[in-house]
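Being a predicted model, the structure only gives us computed values, none of them experimental.
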Amino acid sequence: FKSGTVTKLLVFGSQRKSQASSTCDDYAATPNLRLISETGTVESATYGSVLLTYLNPTSNKRALFTAAAQDSTGVVFLAGLISDVLQTDNVSGFSCSYPNPSYFLARINPDGSVYRFGSDITKTLNYGDITSILPMENGKLVLTTLESTGPDVIFLDATSGELETSLGESGTVDLVD
């Protein structure tokens, strides 16, 4: 991650809501973003804070980031998901499942502020788990997925988040028949 002439590491992922782990909601994830300087110092936690507040799930929800990339102008793109948390109690304790996932794309400007897709902080993507993002010089994004039922590669416009139908097969590519 480049911020001016300084290289920084953007650490993204998620952390458990609670270390108690006595319910599925304790195991549910909250998204996490941190900038780490060249010297290893953790920067201010304000980077992308509006996005983190927006994604901070209420009870019985989890949110996490699955991919990130930076373009040549310093814009950071993040993909992730929000899902329900469902607990099923049984004789040996409980089991957790995470149904109804909603996948998203977010943009963070070089100054750490959040870019809005119209009035929305995130752009909903209905393609499943995004595993990588490649910003292209022409203002397009190439995303790869981990889904067996949908496209393997997706092309989006980096500004609008809309499917770029002039690329691939109307904006997508299936690598396996």
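Side-chain contact between I154 and I130: present, with at least one pair of heavy atoms (C-beta onward) separated by less than 4.5 Å. Contact of the F117 side chain with the F104 side chain is not registered, since no non-hydrogen atoms from C-beta on lie closer than 4.5 Å. You'll find the side chain of L86 stays beyond 4.5 Å of the side chain of Y98, heavy atoms only. For the pair Y127 and L163, the minimum side-chain heavy-atom distance is below 4.5 Å. Inter-residue side-chain proximity for V75 and P110 is flagged as met; some heavy-atom pair is nearer than 4.5 Å. The shortest side-chain heavy-atom distance between V114 and N109 does not fall under the 4.5 Å cut-off. Within the 4.5 Å cutoff, the side chain of D174 has no heavy atoms near those of the V153 side chain. For the pair N126/Y103, no side-chain contact is recorded, criterion being any heavy-atom separation below 4.5 Å from C-beta on.
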Verify side-chain hydrogen bond (donor to acceptor under 3.5 Å, both in side chains) between S170 and T165, making sure each step is shown before the conclusion.
CA-CA 4 Å; S170 298; T165 58; over 6 Å; no
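Judged by distance alone, with hydrogens and angles left aside, the side-chain atoms of D111 form a donor-acceptor pair with the main-chain N or O of S113 at under 3.5 Å. Remark: side-chain polar atoms of R107 are not paired, donor with acceptor, to backbone N or O of L78 under 3.5 angstrom. Judged by distance alone, with hydrogens and angles left aside, the side-chain atoms of S160 form a donor-acceptor pair with the main-chain N or O of E162 at under 3.5 Å. In this structure a side-chain-to-backbone donor-acceptor pair under 3.5 Å is missing from N100 to S83. Of the possible polar contacts, none joining the S132 side chain to the L143 backbone as a donor-acceptor pair under 3.5 Å is found.
Note that the CG atom of L134 and the NZ atom of K140 stand 14.0 Å from one another [nearest 0.5 Å]. Note that CD of Q70 and CD1 of I108 are 10.5 Å apart. Values are rounded to the nearest 0.5 Å. One finds the CG atom of L141 at 8.0 Å from the CG atom of D157 (value rounded to the nearest 0.5 Å). Taking OG1 from T172 and CZ from F155, the interatomic distance works out to 8.5 Å, rounded to the nearest 0.5 Å. Rounded to the nearest 0.5 Å, atoms CG (D152) and OG1 (T131) are 9.5 Å apart. Atoms CG and CG, on L156 and L125 in that order, are 6.0 Å from each other to the nearest 0.5 Å.
Here the shortest heavy-atom pairing between F77 and L105 reads CB-CD1, 4.3 Å. Listed here is the closest heavy atom pair of D71 and P135: CB-CB, 3.5 Å.
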